[in-house]
Amino acid sequence: MATVLVFGHQNPDNDAIMSAVVLSQLLNQVEYAGNTYEACALGALPAESAKLLADAGVAEPRQIDSVKEGQLVLLTDHNESAQSVEGLKSATVFGVVDHHRIGDFETAGPLHYLAFPWGSSCTIVTKVAQMLGIELTDVQAKLLLSAMMTDTLMLKSPTTTDVDRTVAAQLGEQVGVDPVTFGMEVFLTRPSGSFTAAEMVGNDIKMFEPAGKKLLIGQYETVDKSRALGMIDEIREAMRAYAAEKGADGIVLCVTDIMEEGSQVLLEGDTEFAQKGLSISDEHDGVWMPGVLSRKKQVAAPIIAAAE
Ligand code: MN
Ligand code: MN
């Protein structure tokens, strides 16, 4: 019996964690393809994930940073190698459950690949349960709903689809919570009010490689952007340090205010494609972009398009 390691992207967010945890449980429950599935994480858990799992009595996924040659892996909430585990190119990809663009993805053999442009990977995991004929437990429903809410910023992000709204309502009904109220409670368990500049920059950041350039795009989600805006010089310094550490040419940070529904966008280093794609310039205090809540759809996609 082979073991498949199931994990989300580096700098995991709640969707990366919960998709791996619940998907592993479901596949183990039906002994899918005769394998054992182990949930892992490529980095420390976000505070909300750690709390949700502890409250539910579910073990935290094991933290790994590399895989051996030939290791079976199942990627959730990502597919691009720049965001994945060290050694991915020599691993065997058993499957992918994801809601992002397909980047540099290529495999030697056939695989399970489930992708929908829905608001969260956890929305797709609910469909996997249906495909397998499994009814979600209340704990599973709650964990999945939490990630649907954090990934769609309480269903406000333009990535939210009717499928997400329908599934969220169903899960909320099962667990006996209002999805948005519950999501806000989950969101507020993040200690973001005490984040340092380095944490604002590095907490949720992904590497992209538009036209061969290494560009980091980070997102710091908050209910009150004023604290971050009072720390601009420190944040800029932390952005330069993070980019240097990762060998990136440039770095973009979106300070996303979920109450005001927009993002203050800061640029450092070589951000030509970002400036072109977002139609903004490199202002010291950043540029306020109203309505910008989704890194994937409203930030990364236009930047990548501008580089083509
Ligand atoms: Mn994610
Ligand atoms: Mn996601």
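All ligand and atom numbering here is 1-based and tracks the order in the structure. Owing to the predicted nature of the structure, the values given are computational and were not obtained by experimental measurement.
- Using a cut-off of 4.0 Å between Lys/Arg side-chain N and Asp/Glu carboxylate O, Asp162 and Arg165 are scored as salt-bridged.
- Among protein atoms, those of element N, O or S found less than 2.8 Å away from the Mn ion (ligand 2) are Asp15 OD2, Asp77 OD1, His99 NE2, Asp151 OD2.
- A distance-only check finds a donor-acceptor pair linking the side chain of Gln298 to the backbone of Gly291 [under 3.5 Å].
- Salt-bridge check for Arg190 with Asp204: failed, with every basic side-chain N at 4.0 Å or more from each acidic carboxylate O.
- Between Tyr37 and Tyr32, the angle of the ring planes lies from 30° to 60°, which puts this pair in the tilted group.
- Here His78 fails the criterion, with no N, O or S atom under 2.8 Å of the Mn ion (ligand 1).
- Asn14 and Ser146 share a side-chain donor-acceptor pair at under 3.5 Å.
- Around atom NZ of Lys296, more than 12 heavy atoms belonging to other residues, nucleotides or ligands sit under 6.0 Å away.
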